[in-house]
Amino acid sequence: MDLEKEKMDWYRELVHGGTIKLEELYEKCLFCSIEKSNPYITTSTILIHDVSDMSKKHNTLIISANHLPVVTTMTTKELINDYERNHDFIFEKVRITMINYDGTQTYKTPYVAKDCVLISPTGSIKQEANFFNVTHLDALKKMPGKKTILSFSNHLDVEDSFDKKIYDRQVEMSIRYYFSYFYPSLIANIPYVSQTLKSQWAGEYISQHLKLIYGVYKNVDIELLNKCQYKAINFIYAKVKDPSLTISEYFNEQEY
């Protein structure tokens with residue numbers, strides 16, 4: 001039997017074999033994974049798992065919807081930064097736009113692009129972290145002991161040691177960021193947006209929580225949002241020239 005096919009059979013059996021604790025995922029996936037020196041985040045990426053504290057050989061495990069698990073020496077931070085550079089800093093554009101629009105700043109902001117929406121219970125890429133792709137999320141289930149089971153579109157169920165309330169807030173924020181940034185002009189055609197996302201997102205979560213989409217458009221100010229997007233783009237270009245520039249400094253110097 002071809003080795004790759006054999007590994008895929010093992011992986012399918014693992015995924016369909018019941019809930020896996022996140023801290024055990026690396027060990028369970030190792031025998032059916034492939035090693036890559038320069039992997040990247042794609043539309044099919046489901047989970048980016050920091051394993052630097054449990055492996056001397058690898059730093060990250062990447063789980064995808066349609067491929068074998070990947071292990072790599074690249075850190076989760078390096079993977080996120082590579083995606084940013086290759087996609088015109090879209091995570092930063094969305095983040096700064098929404099921070100400016102909301103008028104508040106939080107370190108637990110999602111990392112939102114059109115083809116992947118990443119959340120992290122720890123909420124920061126300043127240190128290594130675990131990231132989950134909301135576009136592949138089927139469900140969140142509260143478990144005893146403030147734990148959560150995350151179910152994904154490839155039938156993988158992962159138990160994490162963070163309370164479901166943390167994930168609920170992250171998912172709700174990521175959906176609001178996504179629709180506000182990429183679909184602000186479709187405020188009058190919410191049914192179209194809903195159908196579009198149900199076809200584009202592999203996970204079932206969005207279909208079961210359409211009220212979150214309606215909540216996005218309840219009080220949206222499209223004119224202000226467009227101005228915030230423009231300022232975010234200008235800030236990113238200004239920061240290239242002056243890396244020490246902060247968001248608050250730049251926004252305080254600018255006027256609409």
Side-chain angles (χ1 to χ4, degrees), residues 1-37 39-76 79-80 115-122 128-168 170-171 174 198 200-209:
M1 180 183 291
D2 178 79
L3 180 58
E4 184 172 350
K5 184 180 184 303
E6 186 175 4
K7 284 188 174 185
M8 184 59 77
D9 289 341
W10 288 339
Y11 179 54
R12 289 195 185 100
E13 185 175 344
L14 177 65
V15 167
H16 289 84
T19 302
I20 304 173
K21 292 181 179 180
L22 184 61
E23 62 266 26
E24 298 176 357
L25 188 62
Y26 170 69
E27 183 179 351
K28 290 180 179 293
C29 286
L30 193 56
F31 72 99
C32 59
S33 65
I34 56 176
E35 188 165 351
K36 289 188 175 181
S37 59
Y40 46 88
I41 299 169
T42 70
T43 305
S44 66
T45 299
I46 286 179
L47 190 158
I48 306 169
H49 181 27
D50 170 40
V51 299
S52 57
D53 62 345
M54 60 185 74
S55 171
K56 294 181 179 179
K57 188 177 181 181
H58 306 118
N59 286 314
T60 306
L61 168 71
I62 304 171
I63 301 293
S64 299
N66 307 312
H67 306 286
L68 287 171
V70 170
V71 288
T72 181
T73 57
M74 289 185 69
T75 66
T76 58
L79 286 164
I80 295 289
D115 60 355
C116 72
V117 179
L118 303 176
I119 60 171
S120 172
T122 56
E128 307 314 324
N130 300 314
F131 295 90
F132 305 89
N133 191 347
V134 177
T135 69
H136 284 278
L137 184 66
D138 277 345
L140 294 169
K141 182 178 180 181
K142 180 179 178 63
M143 299 298 290
K146 293 186 176 181
K147 296 180 180 180
T148 305
I149 291 180
L150 298 90
S151 299
F152 295 100
S153 60
N154 68 338
H155 307 293
L156 175 67
D157 290 343
V158 175
E159 181 183 281
D160 196 14
S161 56
F162 284 89
D163 191 87
K164 181 175 178 289
K165 290 181 180 179
I166 295 176
Y167 280 108
D168 285 337
Q170 286 274 293
V171 170
S174 68
K198 282 193 291 185
Q200 290 180 354
W201 289 31
E204 294 293 328
Y205 189 94
I206 192 71
S207 301
Q208 299 166 5
H209 294 79

Please name the pair of heavy atoms, one in [X] and one in [Y], separated by the smallest distance, quoted to 0.1 Å.
{"X": "Y205", "Y": "A139", "value": "CD1-CA, 4.2 Å"}
{"X": "S151", "Y": "L137", "value": "O-CD1, 3.5 Å"}
{"X": "A202", "Y": "H136", "value": "CB-ND1, 3.5 Å"}
{"X": "H49", "Y": "T76", "value": "C-CG2, 4.2 Å"}
{"X": "T72", "Y": "S37", "value": "OG1-O, 3.9 Å"}
{"X": "E204", "Y": "D138", "value": "N-OD1, 2.7 Å"}

To the nearest 0.5 Å, what is the distance between [atom1] on [X] and [atom2] on [Y]?
{"X": "H155", "Y": "H16", "atom1": "NE2", "atom2": "NE2", "answer": "4.0 Å"}
{"X": "T43", "Y": "N66", "atom1": "OG1", "atom2": "CG", "answer": "10.0 Å"}
{"X": "D2", "Y": "K7", "atom1": "CG", "atom2": "NZ", "answer": "10.5 Å"}
{"X": "H67", "Y": "I34", "atom1": "NE2", "atom2": "CD1", "answer": "9.0 Å"}
{"X": "L156", "Y": "L14", "atom1": "CG", "atom2": "CG", "answer": "7.5 Å"}
{"X": "S120", "Y": "I166", "atom1": "OG", "atom2": "CD1", "answer": "10.0 Å"}

Answer yes or no: is there a donor N or O on one side and an acceptor on the other, between the side chain of [X] and the main chain of [Y], under 3.5 Å?
{"X": "K142", "Y": "D163", "result": "no"}
{"X": "N130", "Y": "D50", "result": "yes"}
{"X": "N133", "Y": "C116", "result": "no"}
{"X": "S33", "Y": "P69", "result": "no"}
{"X": "T60", "Y": "M74", "result": "yes"}

For a 4.5 angstrom cut-off between non-hydrogen side-chain atoms, does [X] reach [Y]?
{"X": "V71", "Y": "V51", "result": "no"}
{"X": "I63", "Y": "F152", "result": "no"}
{"X": "K164", "Y": "I149", "result": "no"}
{"X": "W201", "Y": "V134", "result": "yes"}
{"X": "D157", "Y": "L150", "result": "no"}
{"X": "S153", "Y": "I46", "result": "yes"}
{"X": "Y167", "Y": "I119", "result": "yes"}

When you look at CD of E35, are more than 12 heavy atoms from neighbouring residues, nucleotides or ligands closer to it than 6.0 Å?
yes
Just wondering, more than 12 heavy atoms not from K146 lying within 6.0 Å of its NZ?
no
Under 3.5 Å, which donor-acceptor pairs do the side chains of residues 22-32 form with other protein atoms, sequence neighbours left out?
| from | atom 1 | to | atom 2 | distance (Å) |
| --- | --- | --- | --- | --- |
| Y26 | OH | S55 | OG | 3.0 |
| Y26 | OH | H58 | ND1 | 2.8 |

For F132, the option from D160, L118, T45 that meets side-chain contact (heavy atoms from CB on, under 4.5 Å)
D160
Looking only at side chains, do T73 and N59 share a donor and an acceptor under 3.5 Å apart?
no
Chi angles and distances behind the salt bridge (charged side-chain N to carboxylate O under 4.0 Å, His left out) call for D168, K165:
CA-CA 5 Å; D168 285 337; K165 290 181 180 179; over 6 Å; no
